[in-house]
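Any value given below was found using the heavy atoms of this structure, including those in side chains, with hydrogens, waters and symmetry copies removed. All ligand and atom numbering here is 1-based and tracks the order in the structure.
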Amino acid sequence: MGMSINNIASNYQQLLASIREQELLNQRDPGSVTLLAVSKTHDAAKLREAWAAGARDFGENYVQEALGKIAVLSAAQTTTPDMTWHFIGPIQSNKTRDIAAHFHWVHSVDRHKIIQRLQEQRPAGLPLLNVCVQINLSNEDTKSGVDLQQARELCAAVVQMDKLCLRGLMAIPAPCADHQQQRAAFRPLAELFRELQALYPQMDTLSMGMSDDYAAAIAEGSTMIRIGTGIFGKRETSGEHL
Ligand SMILES: *Cc1c(COP(=O)(O)O)cnc(C)c1O
């Protein structure tokens, strides 16, 4: 899709149309796939553009960078009162307090210690923090994520926590250009998701699919795709120093 710097609104609309098309093609209910705008490295003005185009869910990878944007955009209460913030990056334990205080969702939970800290640090008075457990399916670049058995154990731990709500599973398979191979990489995650849903009916979120593999993810049952490049264009910086 042709993208340029000022095309955020049209990229967003085209993606929504493409998601609806993939839902139809795969006999999925219309609206069953949520589009999460991955806004890491992009400034608050760009997020506001995406918001104006209809985006409400935003994904961030770096705590410090995100806190700056959350502060700016929450101060503008009249124009952006309803953004939902998802933390999707690797979690350092010294960042859990900020994550627990400022985010609505965390997709990248991958150890007991983090579950414990998020539970202890979620401020009283806020709604439950929505949690997805991150799975590392296969030869992924990232060290984040757990295997299927560890994921079962972590989900069992999350449901013990009264400040956390277990919502689902997340994964970032290794990049791969072939649609069938992409589908094969997502399948074990979808199978585990269905198995765990039978135990924990509150699980409704399968967070998988990015700019280059979201069609395959939707075909395998994704309920939330996380798109950065496809909305905001190419990232120019790593973001960590923003
Ligand atoms: C950056 C990122 C994305 C978005 O990737 P794109 O290829 O730009 O769509 C999705 N999920 C996670 C966890 C990311 O870090």
Original post:
To which protein heavy atom is atom 12 (C) of ligand 1 closest, and what is the distance rounded to 0.1 Å?
Top reply: Ile88 CD1, 3.6 Å

Original post:
So, are Lys69 and Asp43 salt-bridged, with charged N and O less than 4.0 Å apart?
Top reply: no

Original post:
Minimum heavy-atom separation for Asp110 to Val146, with atom names?
Top reply: O-CG1, 3.3 Å

**OP:** Please work out which of the three classes, parallel, tilted or perpendicular, describes the rings of Phe103 and Trp85, given edges at 30° and 60°.
**Re:** perpendicular

Original post:
How close does the nearest protein non-hydrogen atom get to atom 11 (N) of ligand 1, and which residue and atom is it?
Top reply: Arg226 NE, 2.9 Å

Subject >> Close-contact set for ligand 1 against Asn61 heavy atoms, below 4.0 Å >> reply: 14 (C), 15 (O)

**OP:** Say whether Gly228, considering both its backbone and side-chain N or O atoms, lies within less than 3.5 Å of an N or O atom on ligand 1.
**Re:** yes

Original post:
Is the count of non-hydrogen atoms from other residues, nucleotides or ligands lying under 6.0 Å from Arg97 atom CZ greater than 12?
Top reply: no

**OP:** Measure the distance from atom 10 (C) of ligand 1 to every protein heavy atom, then report the residue, atom name and distance (to 0.1 Å) of the closest one.
**Re:** Met210 SD, 3.3 Å

**OP:** Number the atoms of ligand 1 from 1 as they appear, then name those within less than 4.0 Å of a heavy atom of Thr229, with their elements.
**Re:** 6 (P), 7 (O), 8 (O), 9 (O)

Subject >> Donor-acceptor pair, side chain of Gln182 and main chain of Tyr214, under 3.5 angstrom >> reply: no

**OP:** Would you please say whether a donor-acceptor pair under 3.5 Å links the side chains of His107 and Ser207?
**Re:** yes

Subject >> Element-labelled atoms of ligand 1 that are located less than 4.0 Å from some non-hydrogen atom of Ile227 >> reply: 9 (O)

Original post:
In Å, rounded to the nearest 0.5 Å, how long is the span from CG of Asn61 to NZ of Lys40?
Top reply: 4.0 Å

**OP:** Could you check atom 1 (C) of ligand 1 against the protein and tell me its nearest heavy-atom contact, residue, atom and distance included?
**Re:** Lys40 NZ, 1.4 Å

Original post:
Quick one: CZ on Arg183 to CD on Gln180, what's the gap to the nearest 0.5 Å?
Top reply: 6.0 Å

Original post:
atom 9 (O) of ligand 1: which protein heavy atom is closest, and how many Å away?
Top reply: Ser211 OG, 2.5 Å

Original post:
Is the closest heavy-atom distance from Arg235 to ligand 1 below 4.0 Å?
Top reply: yes

**OP:** Find all atoms of ligand 1 within a distance of less than 4.0 Å from any non-hydrogen atom belonging to Ile172, and give their numbers and elements.
**Re:** 13 (C)

